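See below for the structure under consideration.
Numbers here are sequence positions counted from 1. All values derive from a computational prediction rather than experimental measurement.
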Amino acid sequence: EVQLVESGGGLAQAGGSLRLSCAASGFTFDRYAIGWFRQAPGKEREGVSCISSSISSSAGKTYYTDSVKSRFTISRDNAKNTVYLQMNSLKPEDTAVYYCAADFLSCQDFTTGQPMDYWGKGTLVTVSS
């Protein structure tokens, strides 16, 4: 059974930091790109960041939406089947449910808005001003 389980969400103050984790099981982790998405109340889901698989031609390449560049860092630990999203300099507008998702090989579907293969259930991040 494929599972993606997010953790690390919670309450942070503006300017603070949180680190989200996405633990994967049930598929060959290093062959999959992992993306982070978020959905704020009343807004559409948006792609936040993605890291490509370790076997793609763009192995380890990362992508960020403009609003989080220089503040968020995505990384992966294939030995632990886990992807991390380090979020620094948090802003109230970062408040959302954050989801991780997996897609075979590359971040192409993430960058083009196409459906990802597998999804987690999300973790809530709340940033107070």
Side-chain angles (χ1 to χ4, degrees):
E1 179 188 6
V2 171
Q3 281 193 316
L4 292 168
V5 180
E6 302 93 339
S7 62
L11 178 64
Q13 290 190 331
S17 299
L18 286 173
R19 188 177 79 157
L20 304 184
S21 299
C22 172
S25 61
F27 60 96
T28 308
F29 182 74
D30 66 351
R31 297 182 182 182
Y32 280 75
I34 304 294
W36 284 97
F37 297 77
R38 66 186 180 186
Q39 187 165 20
K43 295 188 176 181
E44 292 188 355
R45 187 174 62 199
E46 66 167 338
V48 176
S49 182
C50 187
I51 185 166
S52 62
S53 75
S54 301
I55 63 167
S56 73
S57 59
S58 57
K61 188 172 183 179
T62 58
Y63 301 83
Y64 299 93
T65 192
D66 286 346
S67 62
V68 308
K69 284 180 181 176
S70 79
R71 299 190 298 122
F72 291 10
T73 303
I74 191 170
S75 61
R76 66 188 299 154
D77 185 338
N78 289 335
K80 296 183 178 180
N81 283 10
T82 300
V83 166
Y84 304 98
L85 185 69
Q86 178 67 44
M87 305 188 297
N88 299 329
S89 302
L90 284 164
K91 303 176 180 180
E93 51 264 43
D94 294 320
T95 295
V97 177
Y98 284 71
Y99 302 88
C100 65
D103 210 52
F104 183 68
L105 205 61
S106 76
C107 291
Q108 181 173 355
D109 284 348
F110 172 89
T111 60
T112 59
Q114 297 302 307
M116 305 286 279
D117 292 337
Y118 309 118
W119 287 86
K121 295 182 178 180
T123 185
L124 177 63
V125 171
T126 304
V127 184
S128 63
S129 57

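Linking Ile, Leu, Val, Met, Phe, Trp and Tyr residues whenever their side-chain heavy atoms come within less than 4.5 Å places V83 and V2 in a single cluster. A single hydrophobic cluster is seen to contain both L85 and L90, as judged by linkage of ILVMFWY side chains at heavy-atom distances under 4.5 Å, directly or through other members. V127 is connected to L20 through a chain of hydrophobic side-chain contacts under 4.5 Å among Ile, Leu, Val, Met, Phe, Trp and Tyr, so both are in one cluster. Hydrophobic clustering (side-chain heavy atoms under 4.5 Å, transitive across Ile, Leu, Val, Met, Phe, Trp, Tyr) groups F72 together with I34. Under a hydrophobic clustering in which Ile, Leu, Val, Met, Phe, Trp and Tyr are joined whenever their side-chain heavy atoms come within less than 4.5 Å, directly or via other members, L18 and Y98 fall into the same cluster.
Evaluation of the side chain to side chain donor-acceptor pair (under 3.5 Å) test over residues 101-113, restricted to residues two or more places apart or in two chains, returns none. Sequence neighbours left out, not one pair with a member in residues 52-81 passes disulfide (SG to SG under 2.5 Å). A ring-ring contact (aromatic ring centres under 6.0 Å, His included) check over residues 2-34, counting only residues at least two apart or in different chains, returns the pairs F27-Y32, F27-Y118, Y32-F104, Y32-Y118. Pairs engaging residues 92-129 under the disulfide (SG to SG under 2.5 Å) rule: C22-C100, C50-C107 [sequence neighbours left out]. Every pair passing side chain to side chain donor-acceptor pair (under 3.5 Å) that includes a residue from residues 7-18 is listed here, sequence neighbours excluded: S17-N88. For residues 87-100, every residue pair satisfying the salt bridge (charged side-chain N to carboxylate O under 4.0 Å, His left out) rule, not counting sequence neighbours, is listed here: R38-D94, R71-D94.
Under the side chain to side chain donor-acceptor pair (under 3.5 Å) criterion, K69 pairs with D66, not counting sequence neighbours. With sequence neighbours left out, the side chain to side chain donor-acceptor pair (under 3.5 Å) criterion links T73 to no other residue. Under the side chain to side chain donor-acceptor pair (under 3.5 Å) criterion, D117 pairs with no residue at all, not counting sequence neighbours. Applying the side-chain contact (heavy atoms from CB on, under 4.5 Å) rule to T28 yields the partners D30, R31; only residues at least two apart in sequence or on another chain are considered. Residues forming a side-chain contact (heavy atoms from CB on, under 4.5 Å) with S25 (at least two apart in sequence, or on another chain): Q3.
Residues S129 and A14 approach most closely at CA-CB, 4.2 Å, considering heavy atoms. Contact detail for T82 and A23: the closest heavy-atom pair is OG1-CA, 4.1 Å. The minimum heavy-atom distance linking Q39 with K43 is given by the pair NE2-O, 3.1 Å.
Under a 3.5 Å cut-off, the side chain of T62 and the backbone N or O of I51 do not form any donor-acceptor pair. In this structure a side-chain-to-backbone donor-acceptor pair under 3.5 Å is missing from S49 to I74. Formation of a donor-acceptor pair under 3.5 Å by the E6 side chain with backbone atoms of K121 is found in this model. Within the 3.5 Å criterion, the main-chain N or O of S52 finds a donor-acceptor partner in the side chain of R76. S53 places a side-chain N or O within 3.5 Å of a backbone atom of L105 that can act as its donor or acceptor partner.
Summarising the hydrophobic clusters (Ile, Leu, Val, Met, Phe, Trp, Tyr; side-chain heavy atoms under 4.5 Å, direct or chained), the residues clustered with V97 are F37, Y63, Y99, F110, M116, W119, L124.
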